[in-house]
Asks: 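Starting off with a structure, shown below.
Convention: sequence-line order gives letters A, B, ...; per-chain numbering from 1. Bear in mind that the values here come from a model prediction, so they are computed numbers and not experimental data.
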Amino acid sequence: MINQDKFQKPYNPQEIENSIYEKWLSSGYFNPDNYPENKIKKNKEGQEETFSIVMPPPNANGSLHAGHALFVTLQDILIRFNRMNGKRSLWIPGADHAGFETQVVYEKVLEKEGRSRFALSKEELYKEILDFTLSNKSYMEGQIRQLGASCDWSRELFTLDDRVIKTVYNTFEKLDKDKLLYRGKRIVNWCPKHQTSLSNLETNYIKRKDPFYYFKYGPFTIGTVRPETKFGDKYVVMHPDDERYKEYTHGQKITVEWINGPIEATIIKDKSVDPKFGSGVMTITPWHSTVDFDIAKQYDLDIEQIIDERGKLLPIANEFAGMSIKDARPKIVEKLDSKGLLIKVDNEYEHEVAVCYKCEREIEPQIKAQWFIKMKGLSDRAVKALDEKEFRILTEQHEKVFRHWMSNIQDWNISRQIVWGIPIPAKICIACDHGTVDLKDEITSCPVCSSEVKRDTDTFDTWFSSGQWPLVTTDYPNGSDFQKYYPTSVMETGADILFFWVARMIMLGLYLTDQAPFKDIYLHGLVRDAHGKKMSKSKGNVISPLEISEKYGTDALRMGLIVNNAPGVDMNLDPKKVEAYKKFANKIWNATRFVLERTLNYSSSLTYSQNITNSSDKKIYEESLAKIKEITSDIENYRLHLASEKIYDYFWHQFCDIHIENLKNRILNNEDKISAQATLLAILRNLIITLHPFMPFITEEIWESIKGENDDLLIITDWIN
RNA sequence: GGGAGAUUAGCUCAGUUGGUAGAGCAACUCGUUUACACCGAGAAGGUCAGAGGUUCGAGUCCUCUAUCUCCCACCA
């Protein structure tokens, strides 16, 4: 029976969205276990067809932003489409504790309250961040629901759940056994503010002009922007073929006057020095420079720490000890100048300095004992998998970037000196600093020197555990989901975390299962404001997807996010565009009302197309089916930006503007009326089905009024094929 | 230093395998005709950055130039 009362009022998304979502939830259809058996497609081998997506777990440390709204929309469209196409479709939601990211957010909270993380014990800090994260997590889940995500909440996983930790620990141990893990004293990117090491990906480079100083160093001239590191410089390096310095030999010792009096310097000849840069001579500071460290290691030179973890000079700096770099630099230059050792200053020197990607404080390279994963073999396997099409990257430009990064990969530092994360299960020798993997917490003495050991206090880089996300969410290695849904169908996420996350998931997935964790990779770009500007709080141009959704409706927001927004490229979100799709929702609503008013004598959907007898009606019906076929093919090939545009255009400018306009006169004038009515109803029904993945709320609401007696919810209704 | 990409209507962007350019917004004219003014009808707007080339045919493929954007990276 058709209920048309509700169509007397304009469409109001706020009134229906919550109840529709509740209806879906109580139907159980978000969970593929509840999929009606008779609808499931089987492949040639008689196996059920499945479709699966692992949701990139949003960081549980704030509200959802436009990027989240975009990925929810894209993934929900794919899931709904495949669900309607007879596949058991699983979308696994999650929440990310987001280690360093969240700790940084929480430190800002502390700062506002005038507190410091360093005044808290590790346990206290962990507890506070956990409470903060869990409350954000439930808030965030509500927002994902508001966006219409048809994910299976019964399978939701948090990145600190026991199942995750267990898998991560086993992987850590396996890497150790396979000799892909080592603990090494190496130069790491050290952030003096956050007091932790960072991976290369967590550093940015900013262009800066700094004074470049030339100093007299014995018979040589050396150049530097960092005089404060030069206290311990007792090696002077030049290219072996540099004619200017041929009188000096490798290993030769000379005495030079330096900052705090005369020192003995040793000549090193090494090809890494560029004779064309400056004077072609440099001194090295191995503790605080990667290049210098490599040279020092090669020739087995002494390595001395000059600057501590807080960015202050150590006792080696004599009268400057305890001073910060910033304060000390001009004073050191002054002293060198007064000793007649300053030759000149170039104030126009432009270079790039590494900074912490969160606080922009200059990275202070330090030598630290950290856990590293050898990446070369893992990356080779990933590239081979790509070559052999074990998975594909749908956007060509990203495939190129991926290959480039993979072939230049470096070992991965997975240790972080923060409390908010998964503790590294290892023991460290107090005497020799040797690290031993110890999942069961049973090792009490160092296997190398038998000395006492302590627990490693570091935690894993978040991305080490996230890198195993498709495994843990499908319950690797023995869960039935793992058998059924791994490898997943598609990984849809932001192009900005291609290296952070996608690359690591591929490498770890291949390492553990010999299968890439997903078949297709769909990457979306950044969501910018209406004029292509990056959204930022300071610019005040942040568009909250939840506000937009409340104002224009979730369906309109979803359309605004995807129509004509091509995969892989940055996209602009213009509220005016969303408004246009709010009008579209209203158009759909009114068109439905009109069609129902003129066709009330039809109540069973099954008879619709059978009553199309007029030959021109048949033709437009066939044309509508052809259009749907085209749209279907676009969705199957991830061209959602085209599919959404086509369904919009067809509904409005063909179905409404032309077909309804023409047929309504025939109905009024009683010319082949039944065929005209049947045509309108049949096309409307098919279009509502086709629109559903894009605009799930309004279509489900309309479906209630147009479905046949034997039809279930639209979410589970068969696609038009 | 290395890499990837962009340049199409006033603005923001589509254009899938090469076949005489499309959408939304803005602006213009007309229209309240009984689904819808959150509307309809109509008109306007582009030598597809520039120059060469391949082709019967190029926004689409190739080369170069200009401008812009992003990513990666241990040159003192």
Asks: Hey, do the aromatic rings of Tyr245(A) and Phe220(A) have their centres closer than 6.0 Å?
Replies: yes
Asks: Taking only side-chain nitrogens and oxygens of Lys400(A), does any of them come within less than 4.0 Å of OP1 or OP2 of G5(B)?
Replies: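 For G5(B), OP1 or OP2 has a side-chain N or O of Lys400(A) closer than 4.0 Å.
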Asks: Tell me whether the count of non-hydrogen atoms from other residues, nucleotides or ligands lying under 6.0 Å of NZ in Lys276(A) goes above 12.
Replies: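 No, because the 6.0 Å sphere around NZ of Lys276(A) holds 12 heavy atoms or fewer from other groups.
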Asks: Only pairs at least two apart or in different chains count here, so list each salt bridge (charged side-chain N to carboxylate O under 4.0 Å, His left out) that has a residue in residues 394-407 of chain A.
Replies: Asp387(A)-Arg403(A), Glu399(A)-Arg403(A)
Asks: Using the benzene-type ring in the case of Trp, are the ring centres of His288(A) and Phe293(A) under 6.0 Å apart?
Replies: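 No, ring centres 6.0 Å or more apart.
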Asks: Would you classify His398(A) as touching base, sugar-phosphate or nothing, given that sugar-phosphate means primed atoms plus P, OP1 and OP2, and contacts are heavy atoms under 4.0 Å?
Replies: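 No contact.
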Asks: So Ile409(A) and Met507(A), do their side chains get closer than 4.5 Å, heavy atoms only?
Replies: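 Side chain of Met507(A) against side chain of Ile409(A), heavy atoms only: contact under 4.5 Å found.
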Asks: Find every protein N or O atom lying less than 3.5 Å from an N or O atom of nucleotides 14-19 of chain B, and list the pairs.
Replies:
from: A14(B); atom 1: O5'; to: Asn564(A); atom 2: O; distance (Å): 3.3
from: A14(B); atom 1: O2'; to: Asn564(A); atom 2: OD1; distance (Å): 2.9
from: G15(B); atom 1: OP1; to: His641(A); atom 2: NE2; distance (Å): 2.9
from: U16(B); atom 1: O2; to: Arg639(A); atom 2: NE; distance (Å): 2.2
from: U16(B); atom 1: O2; to: Arg639(A); atom 2: NH1; distance (Å): 3.0
from: U16(B); atom 1: O2; to: Arg639(A); atom 2: NH2; distance (Å): 3.0

Asks: Tell me, what's RNA chain B's dot-bracket, Watson-Crick or G-U with both distances under 3.5 Å, | for other-strand, [ ] crossing?
Replies: (((((((..((((.....[..))))..((((.......))))......(((((..]....))))))))))))....
Asks: If you measure from the P atom in C75(B) to the same atom in G24(B), how many Å do you get, rounded?
Replies: 49 Å
Asks: What I want to find out is whether Lys9(A) reaches Glu15(A) closely enough, with some N-O distance under 4.0 Å, to be called a salt bridge.
Replies: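 Yes, Lys9(A) and Glu15(A) are salt-bridged.
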Asks: Please check if atom NE2 in His531(A) has more than 12 non-hydrogen atoms from other residues, nucleotides or ligands closer than 6.0 Å.
Replies: no
Asks: Using a cut-off of strictly less than 4.0 Å between a heavy atom of the residue and any atom of RNA chain B, enumerate the qualifying residues of residues 498-505 of chain A by number.
Replies: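 By residue number: Phe499(A).
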Asks: Can you give me the N/O atom pairs linking the protein to nucleotides 74-76 of chain B at distances under 3.5 Å, or say none if there are none?
Replies:
from: C74(B); atom 1: OP2; to: Tyr205(A); atom 2: OH; distance (Å): 3.0
from: A76(B); atom 1: OP2; to: Tyr349(A); atom 2: OH; distance (Å): 3.1
from: A76(B); atom 1: O2'; to: Gly223(A); atom 2: O; distance (Å): 3.4
from: A76(B); atom 1: N6; to: Asp274(A); atom 2: O; distance (Å): 2.7
from: A76(B); atom 1: N6; to: Phe277(A); atom 2: O; distance (Å): 2.8
from: A76(B); atom 1: N1; to: Asp274(A); atom 2: N; distance (Å): 3.3

Asks: OP1 or OP2 of G24(B) less than 4.0 angstrom from a side-chain nitrogen or oxygen of His653(A), does that happen here?
Replies: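 Result: yes.
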Asks: Side chains of Tyr182(A) and Arg186(A): donor-acceptor distance under 3.5 Å anywhere?
Replies: yes
Asks: Testing Trp589(A), Tyr552(A), Tyr648(A) one by one against Phe584(A) for a ring pair (Phe, Tyr, Trp, His ring centres under 6.0 Å), which residue passes?
Replies: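 Between Phe584(A) and the candidates, ring pair (Phe, Tyr, Trp, His ring centres under 6.0 Å) is satisfied uniquely by Tyr648(A).
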Asks: Can we say Lys664(A) and Glu597(A) salt-bridge, meaning some charged N sits less than 4.0 Å from an Asp/Glu carboxylate O?
Replies: no
Asks: Is any side-chain heavy atom of Asp617(A) closer than 4.5 Å to a side-chain heavy atom of Arg666(A)?
Replies: yes
Asks: Taking the C1' atom of each, how far is A4(B) from A44(B), in whole Å?
Replies: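 Approximately 39 Å lies between the C1' atom of A4(B) and that of A44(B).
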Asks: Return the polar atom pairs (N/O with N/O) between nucleotides 33-38 of chain B and the protein under 3.5 Å, or none.
Replies:
from: A35(B); atom 1: OP1; to: Lys664(A); atom 2: NZ; distance (Å): 2.8
from: A35(B); atom 1: OP2; to: Arg598(A); atom 2: NH2; distance (Å): 2.9
from: A35(B); atom 1: O2'; to: Arg593(A); atom 2: NE; distance (Å): 3.4
from: A35(B); atom 1: O2'; to: Arg593(A); atom 2: NH2; distance (Å): 2.8
from: A35(B); atom 1: N6; to: Cys656(A); atom 2: O; distance (Å): 3.4
from: A35(B); atom 1: N6; to: Glu661(A); atom 2: OE2; distance (Å): 3.0
from: A35(B); atom 1: N3; to: Asn590(A); atom 2: O; distance (Å): 3.4
from: A35(B); atom 1: N3; to: Ala591(A); atom 2: N; distance (Å): 3.4
from: C36(B); atom 1: O2'; to: Asn590(A); atom 2: ND2; distance (Å): 3.2
from: C36(B); atom 1: O2; to: Lys587(A); atom 2: NZ; distance (Å): 2.8
from: C36(B); atom 1: N3; to: Lys587(A); atom 2: NZ; distance (Å): 2.8
from: C36(B); atom 1: N4; to: Glu661(A); atom 2: OE2; distance (Å): 3.4
from: C38(B); atom 1: O2'; to: Asn586(A); atom 2: ND2; distance (Å): 3.4
from: C38(B); atom 1: N3; to: Lys582(A); atom 2: NZ; distance (Å): 3.4

Asks: With no hydrogens and no angle check, do the side chains of Tyr11(A) and Asn590(A) hold a donor and an acceptor under 3.5 Å apart?
Replies: no
Asks: Taking the side chain as C-beta and beyond, is there a heavy-atom pair between His641(A) and Arg639(A) under 4.5 Å?
Replies: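 Result yes, sub-4.5 Å side-chain heavy-atom pair found.
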Asks: Pick base, sugar-phosphate or nothing for Tyr648(A), based on heavy-atom distances below 4.0 Å to the nucleic acid.
Replies: sugar-phosphate
Asks: Testing the 3.5 Å rule here: is there a donor-acceptor pair between the side chains of Asp292(A) and Trp287(A)?
Replies: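 On atom types as modelled, these side chains do not qualify, holding no pair under 3.5 Å.
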